[in-house]
Structure formats: C-alpha cells, structure tokens
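Here's the structure we're looking at; comments come further down.
Every chain is numbered from 1 and lettered A, B, ... according to where its sequence line falls, protein lines coming before strand lines. For clarity, every value in this text was computed on a predicted model and none was experimentally measured.
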2 protein chains.
Amino acid sequence: MANLSDVAKKAGVSVTTVSRFLNGSLSLPDARAHQIRTAVDELRYVPNPHARRLSRGRSDAIGLVVPDIAGPFFARLVAAVEEEADRLGLGLVLHATLNRPARELRYLDSLRMRHLDGMIFVTNRAADSALLAAVRSCQHLVLLDEDVPGAKVPKVFCDNEAGGRMAGGYLAAMGHRSVLFVGGEADMVSGRRRYRGFEQEMHRVSDGPVRIERVLGRYIPETGRDAARRFLEMAPRPTAIFATSDEMLIGLIEVLRDALVTIPDDVSLLGFDDIGPLHLFAPPITAIRQPVRDLGRRALGVLLETLKTETGEAAPTEELLPVTLIERASVAPPTTRLKATANRKDMT
Amino acid sequence: MANLSDVAKKAGVSVTTVSRFLNGSLSLPDARAHQIRTAVDELRYVPNPHARRLSRGRSDAIGLVVPDIAGPFFARLVAAVEEEADRLGLGLVLHATLNRPARELRYLDSLRMRHLDGMIFVTNRAADSALLAAVRSCQHLVLLDEDVPGAKVPKVFCDNEAGGRMAGGYLAAMGHRSVLFVGGEADMVSGRRRYRGFEQEMHRVSDGPVRIERVLGRYIPETGRDAARRFLEMAPRPTAIFATSDEMLIGLIEVLRDALVTIPDDVSLLGFDDIGPLHLFAPPITAIRQPVRDLGRRALGVLLETLKTETGEAAPTEELLPVTLIERASVAPPTTRLKATANRKDMT
DNA sequence: GCCCCTTAGTAAAGCGTTTTACTAGCGCAT
DNA sequence: ATGCGCTAGTAAAACGCTTTACTAAGGGGC
C-alpha cells in the first residue's frame, strides 16, 4: 500500500507538496499537478485514514446511540441518520444500548475520548442523575427523540404534545369519554408530553366528564400486553385505547386478540409512531405518525451546526417536528354493547 | 486531555514503560505499577484511539454493509451483528447501499483502504462482474445472506434450499397443485435455491402434475404488488402463493386485500423471513423463519477466524444455517369455489 | 542595482501511540 | 573473575499524515 512519500518520490516533489496539493491548500502549475495526479493513480494511493485522523485530530465520523436497532422505529431512525451522514461524507459508528444504563454511559464516554467528532444520542428510559451528569459533560452531543431533562444540549424531538392533542381530540370527537392511555413512564418527557396533550384535548373537546385510565411502562410490546391484561379486568372497560408506540400496540393487539376482543367493535385503538405495517393489521390501525426521516436528518443538521461553532457548547435549542394523524379503521364511535364476543372470523 | 508522556512524567518512568505496562507486555513490581496506575487515574488518561490505530495498523472496528436498514429483516440483522461486535469490543461502522451498485463498490473500497479490519457484506441484487471483481480483491470479507457467485470468500447464509423444500412440501401436503412462486431474480443465488428446493419438493410430495407460476424481482414490496396483480389476471388462479420475503409478502397482501381476495379462503399464503409481526396480520401468516440472530453472530465469528489466520485469504467456506416453518393460519387446503368475494369483514 | 512581491515549492515539527532492540545492574554458578 | 541469565526498565524508530514557517528564484517598478 503506497503512502504519501511514495507518491512524492514518484512525482519528484516533497511530501508537503503532495499533501497540500491533494488537500487543496496549494495550487500548482498544470505540469506539476499532472505529475502528482499520475503518481497517485499509478500507485493507487489513498490516504491512510488513521494517520490523517491522528494528524488532524478529528475522525470525520459521528456516533449514533440507540436503545435498540431491531425495532421498527429505531431501525428507521438509524436508516435516516445513516443516509444523511453518508451524504455528508461522515462515517457512522452505531451503538445499541439494549436498555442497559451502563452502556449508555460507556458509549457517551467513547465520545469524550475524542474518538468521534460528535454524537447523536437516543435514550428510551427515564434519565437518572448518572446519565444526566454524563450528558452534561459531553460536547458535540445532540439528543434525539427522547429528552434528558436538565441537559444543556441541542435537542430534536417530534411534537409529542401536539401528537397527544391530536389523539385526544380525535377520540373525543368520535364520542369516547372513557379511555385507556398506554404510555411512557411518567418521568419520561415524551410520555408526559403525550399525556398532557392528550388529556388537555380530551377535556376540551369532550366538554364534560372524562375518564382516563393509565398504564405506563417502557415502549416495548410487554407494556402493551400488560396494558391489555389490565384493560380486560376493568369494569366498565374503556371504549378506546391510545397506545403511544408501535411496539406497545403490537403487544396490546396480541392479548386483545387472544381474549377475543374485536377492534373497533369492542374497543377502539389508536397508535403512535406508525412505522410498522400498521395498514396490514386487522383492522388497519389509525395512528399518529412520527416524521422519522426528518428526525434523523435534523438531528444531524443540528449536530453539524454544533461542530461548526468552535466554542465547545452550542445553544441548547429544542426543535419540535410536526406529527400527523393517519386515519384508518381502528377507531369507531363507542358502542354500548356488552357482550364481547362477536364475529370471530379470521382470528385464530 | 492527558497523553502518554504526561503519565510517564507523573509516574517518573518512560513512555515505553507506561505503554507496555498498560498493554500488558511488561510486568512491574508493585510499587511502580501502583505509581503508574495512580498517574493514569489522576490525569484521567485514556489512550488516543487514532494514535493507537495508526501505530498498530488496525482499527478494532469492522464494517457492515447492508442494502437498507429500515426493512425489518436487515434491521434485525444489523442488530445481531452490532450486539456481537460490541461483545467482542469491536466498533461497527454501518453503511447502507440503498440498492445503488456504485455504493456497494465504494464501501468495499473503504475496506481496501485499510480503514477497517474486516467487513460483513450483504447484497440483495444479482452480482455483476464489477461487484465480483471488487469482492475478489478484498481480504477479510465475509458474505452474508446473499451470495456473490464466484467470490472466494467465507459465506454465511440460511439454508435457502431447505426453506424452499419445506415450503413446497407443506403446500403440496395441503393439497395445492397450482401455485405461484414470488421470488428473487433468477440470477440471485438465494432465489434460485429457494426455488429449486420448492419445486423439487412440490413434485416429490405431489406425485403428479404440478403447475408453478413464477414472478421474480427484488425482495421489496413492489415485487409483491406486481405479483399480486399478475396473480389476479391468471386463469385459473393458483390456489397458493409462496412469497419468499416479508417485504414481498407485504406488497402482496396490500393488493390482494384491495382486490377483495381473502386468505386463506381464496388463496393460501406462505411467507419467508418471518421477521415483521406476521402473527398480527389478518390472518396470521404462516412462514419460513430465518435465524437472523444466528446469521449475524456467525458472520462475525467467521470474520474473526479470517482475521486470525494472518495469511491474507481464508478458506472460502460456506455455512448454511437452518430455517424453520412457523405454522399459522394463512395456508389451508385449496377450495374449488370460484366466486372470490366472501365475508368482507374487517378489511376496509 | 535594489527592493519587494509573487510563484513554487520545502524542511521539519508535530499528532500519540506501539514496538523492537537494547542496557545497566545484580546475583549466582563455575 | 567471568560469563550467564534475570529483572527492570529505556531510547528511538516507526506509523503516515498535516501544517507552520520558511526559502529560492524570477519579475517588475523605481
């Protein structure tokens, strides 16, 4: 593998000249330029990235930390960030925390070690003080999708509160007055905001008494299953469920289906995220859609701005991206029908 | 940020000593060892990875190239590889080709530039000669999931032919004699193998005349939609469809549903991959399941073996991981019923 | 003829490790 | 007394690039 000095020798100039020429910090007369280019081609010279990084003190690579890559939501998010990073000529080092707090800290450390130029960080749990401290000590970090309250770093989220309002308004307008909210733990900002918007708008649109039950937990199928089991024990049962993530929704449907509860006849169902092929479920699920691609893109955009301002800390902005309601067939007006079994057909 | 010579100064020894001690290639009496450890702690010293990589000539990082990260199958695959890489202390640089051949070549190049220690490469298109040449010129490469025929590198696939046989045997045993195979292009090894196994076993189990229609294309929803449209025009229509990827399956179901074709009454449906929440579809879809996690793990394992043998080229092994048939409700014996509309219920 | 400016470069000092090859000193057996 | 082997290190050369500060040569203006 040829190196700079091989090229320099072949072209009959010094390494400085080659380096500066190739990096555009030196312009040369045509003859010399051509000599160098020829030497590069013939030797198939390609700069050694490790040397370059050591010398320049940066990596041209950023880190992306997500809780999990396999779930549909994070998979799309990763895809969006990767695409944008590639477009900008940046490498992407991917880390999944698999919900282990220790890993979050470890990966944040890898940023501090100046291993990476910057990092996009996605958590999915309520931040504890250790995480907050770690995040605080980092520069060139942007928080995506979920907040770490108190952290003074740029943040990019979807407009969770507006999503909650859309959901609340939609269910209320359909006539629902008794609903189950399946959401993120109370100390997670996304969960709190979704709930706040939801409750607010339910009340505003209903214009009368409203009952909102709550089951909270992580954004995973098990929380959905749990919620469904709790739902089955409620008397009277709420007439609608708002599941604030696709993963929760999937768990919920599993249990509901096993219990022979039909949607939307027995209960209406409203989702959040809208990533998985919700349109193919039985019935197709109405949901609030997150602008996942934009989230990824904006996070990277914000990170880059942070990098540009040489002053360590960037302004702790918070950017909220709009969500949309995708109407399908899982929400209907409530019925008063009490018996819960009807047309079992293509449910096993 | 402290460096090695700071530590050396503080501990009153040479940098060599510190470096060798920290890397375990020098053992020291307790007193010295303690001095060094103290200095490291107090200065919060952490080795500069760029320098280390330059010096050692390796990165402790591998690349993973996939066609796309957002799809459920590749998302899981990425997750599996990431998990294993992390366990081994290796960084993972992720690249998505988004089905652009030029990108595959570019990313393979990034391996050749000794940027990375090794690479796991997943393609999803029929290999052309440019790709083959590029792959051939690479060391420390392992092919995952899809073959590049002629490449002399280690390969890890699921047992596509066995999967095809399972599918064929299952449909035949259910009584189907006229089927539609929706598969990868004929020049893709995975597609060819799935088809070969499928056809073989259909014939063997049927023990009589069999009709197999084929629609081939990329493993994406559009191919499924296309296949469904073609299916609708066939007369007589096949009684079962074998869709050899989740993505194809999704497209297929969309169109079938719009055309009011019910599953499995009007046509039986059998999938492949079994990653997406197929159990929540209407009806739950029977499918051949790929061992995605194992695929990721084994690919990394094989890559590591390749790295160990200092001799550039590793034995071009081909490892086949077993698949399983997950029985659900989308396959039934064929009916002779001709009218295609019946119990429209929870399909919009 | 002198000074200054521009062009066309270059020497050398980093960047922070790792690693090879070496040494100084000491105890011990011969 | 000498050679050997062991302990406890060390000096210095890589690794391959970037970048700062510098120079030599040529040309133009006065």
Side-chain angles (χ1 to χ4, degrees), chain A residues 1-40 43-61 89 91 110 112-117 310, chain B residues 1-40 43-61 89 91 109-117 310:
Chain A
M1 184 119 274
N3 64 18
L4 247 197
S5 87
D6 295 333
V7 176
K9 229 165 278 169
K10 181 144 201 159
V13 292
S14 73
V15 290
T16 311
T17 306
V18 179
S19 172
R20 295 190 52 199
F21 173 70
L22 292 179
N23 288 302
S25 78
L26 179 66
S27 57
L28 291 175
D30 286 355
R32 272 273 181 266
H34 186 252
Q35 276 177 352
I36 294 181
R37 269 193 284 263
T38 309
V40 165
L43 296 170
R44 305 176 162 284
Y45 168 75
V46 114
N48 177 315
H50 302 320
R52 168 182 286 228
R53 296 210 262 248
L54 172 59
S55 190
R56 300 225 273 217
R58 63 190 161 92
S59 337
D60 292 317
S110 86
R112 191 134 11 78
M113 292 171 188
R114 313 221 352 97
H115 188 150
L116 269 0
D117 293 347
E310 286 303 317
Chain B
M1 183 117 274
N3 64 18
L4 205 48
S5 88
D6 295 333
V7 176
K9 229 165 276 167
K10 182 147 200 155
V13 292
S14 74
V15 291
T16 311
T17 305
V18 179
S19 173
R20 294 190 52 199
F21 173 70
L22 293 179
N23 288 301
S25 79
L26 180 65
S27 57
L28 290 177
D30 286 355
R32 273 272 181 268
H34 185 253
Q35 276 176 353
I36 294 181
R37 270 192 284 264
T38 309
V40 165
L43 296 170
R44 304 175 163 283
Y45 169 74
V46 113
N48 176 317
H50 301 320
R52 168 179 285 224
R53 295 210 261 250
L54 172 58
S55 189
R56 300 224 273 217
R58 61 188 161 92
S59 340
D60 293 315
D109 250 357
S110 87
L111 171 60
R112 189 136 10 78
M113 293 171 188
R114 312 222 352 97
H115 188 152
L116 270 0
D117 293 347
E310 286 304 318

task = For the pair A:Tyr45 and A:Leu22, evaluate side-chain contact (heavy atoms from CB on, under 4.5 Å) and give the outcome as yes or no after the intermediate values.
result = CA-CA 11 Å; A:Tyr45 168 75; A:Leu22 292 179; 3.9 Å; yes
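- Put simply, CG on B:Leu22 is 14 Å from P on D:dG9, counting in whole angstrom units.
- In this structure, the CZ atom of A:Arg32 is 12 Å from the C1' atom of C:dT10, given to the nearest Å.
- The distance between atom CG of A:Leu26 and atom P of D:dC22, rounded to the nearest whole Å, is 18 Å.
- Residue A:Phe21 contributes atom CZ, which lies 17 Å from atom P of C:dT7 at whole-angstrom precision.
- Among the atoms of the strands shown, only primed sugar atoms or phosphate atoms (P, OP1, OP2) are found under 4.0 Å from some heavy atom of B:Leu28.
- Formation of a donor-acceptor pair under 3.5 Å by the A:Asn3 side chain with backbone atoms of A:Ser5 is found in this model.
- A close approach under 4.0 Å does not occur between any side-chain nitrogen or oxygen of B:Thr16 and OP1 or OP2 of D:dT10.
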request  = Begin with the C-alpha distance, continue with both residues' side-chain angles, and end with the deciding distance and a verdict on side-chain hydrogen bond (donor to acceptor under 3.5 Å, both in side chains) for A:Ser59 and A:Arg53.
outcome  = CA-CA 5 Å; A:Ser59 337; A:Arg53 296 210 262 248; 5.3 Å; no
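- Between the side chain of B:Thr17 and the base of D:dA8, no donor-acceptor pair under 3.5 Å is found.
- A straight line from CG of B:Asp30 to C1' of D:dT7 spans 14 Å, rounded to a whole angstrom.
- Between A:Arg58 and A:Asp60 the shortest heavy-atom distance is NH1-OD1, 2.8 Å.
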ask   = Can you list the steps and then say if B:Arg32 with B:Asp30 is a salt bridge (charged side-chain N to carboxylate O under 4.0 Å, His left out)?
value = CA-CA 6 Å; B:Arg32 273 272 181 268; B:Asp30 286 355; over 6 Å; no
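- Straight-line distance from the CZ atom of A:Arg58 to the P atom of D:dC17: 16 Å, rounded to whole Å.
- Interface remark: the B:Arg20 side chain does form a donor-acceptor pair with the D:dT10 base, using a distance-only criterion of under 3.5 Å.
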Give every pair of a protein N or O atom and an N or O atom of nucleotides 15-17 of chain C that lie under 3.5 Å apart, one pair per line with the distance.
| residue | atom | partner | partner atom | Å |
| --- | --- | --- | --- | --- |
| C:dT17 | OP1 | B:Tyr45 | OH | 3.0 |
| C:dT17 | OP1 | B:Asn48 | N | 3.3 |
| C:dT17 | OP2 | B:Leu4 | N | 2.6 |
| C:dT17 | O5' | B:Tyr45 | OH | 2.9 |
| C:dT17 | O2 | B:Ser55 | OG | 2.9 |

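- At a cut-off of 3.5 Å, with distance as the only test, no side-chain donor of A:Thr16 or A:Ser19 sits close to an acceptor on the other residue.
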